[in-house]
Amino acid sequence: MPSKRRIRWAVVPVAIATAALLAGCTPTELHGYLPGWDESGVPTTNQTEGLSSLWVGSWIVALVVGIITWGLMLWAMVVYRRRKGQSGLPVQLRYNMPIEIFFTTVPLILVLGLFAFTAREQATVEKPWADGEADVEISAIAKQWSWDFQYDGEQDDNSDAVWTMGVQAQPDADGNIDRSQLPTLVLPVDKKVTIDLTSRDVIHSFWIIDFLYKKDMYIGHDNSWSFIPTREGTYEGKCAELCGEYHSMMLFNVEVVSEAEYEQYLAGLEEAGQTGDINKAYDRLQNQPGTDAVAEGAGADEEGH
Ligand SMILES: [Cu+2]
């Protein structure tokens, strides 16, 4: 039996080798080649570190299982290969209880483990800010095939809200898209943001690629997403739910800026007269029974939370 001391000495070079290997990695490599990581290593939101850990951890588990499985397969292929002069079937084994129990319990433990870590991470990401805790509340309204963004103010009736309304991307003859023409969502860095997600027509999905999360947008059921953008920069957003003919043109930009720039941006929208509550003004189904026709008052309440 190897002494404990000998094992301890074996750990040192392994740890040094691992550290040296990881030190040579870029943040992108360390986070399993997920988008959103650059040389600075600063996460894009307060959630991307945890999401990346789940991704990398799942890969490590999968690879360990893979290496053991491939190793056993190779070993069996080589050691038990058919040799010259052999014929007929090899010994047939079945109902080997220890192996059957092993094959049942180990995957069960793995699946339960992956489920538990995923559920924990999802619960963290899905946790909304407590009432009044959010610094900024924005409504993102999806429509075929673009985005409206409304930055809520202090007033209950949203009379001091400001907004932008977008149109779908217009590619040129070669299919190139001028991203400066896309609707842009502006977010203040290091602030608690809540984005309320709604749709005017069909199901869309709000996806900021580098933020490593996306969420569906329904008509008649409001979703929201609470997080802190933590790195200034420009990011790409798109619709992630096939929503019709120009779904692929349903693009937007996300600009994470300093608080001063954010305030300046909102002031610019106010100056341009883009003020007030647009939440319901352009809804496609506004005159249908069961929607705005009967729920005019109740509807305003719904949007204001
Ligand atoms: Cu869409």
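Numbering of ligands and ligand atoms starts at 1, following listing order. Atom set for the values below is all heavy atoms of this structure, side chains included, hydrogens, waters and symmetry mates excluded.
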| task | For residues Leu187 and Val136, determine if any side-chain heavy atom of one lies less than 4.5 Å from a side-chain heavy atom of the other. | result | no

| request: Specify whether an N/O/S atom of Ser205 falls short of 2.8 Å from the Cu ion (ligand 1). | output: no

| task | Could you tell me the angle subtended at the Cu ion (ligand 1) by SG of Cys243 and ND1 of His204, rounded to 10°? | result | 100°

| query | Is a salt bridge present between Arg200 and Asp283, judged by a nitrogen-to-oxygen distance below 4.0 Å? | reply | yes

| Is a side-chain N or O of Asn158 found less than 3.5 angstrom from the main chain of Ala161, in a donor-acceptor match? | no

| Is Lys215 close enough and on-axis enough to Trp225, meaning under 6.0 Å and within 45°, for cation-pi? | no

| Contact flag His247/the Cu ion (ligand 1), N/O/S atoms, threshold under 2.8 Å | no

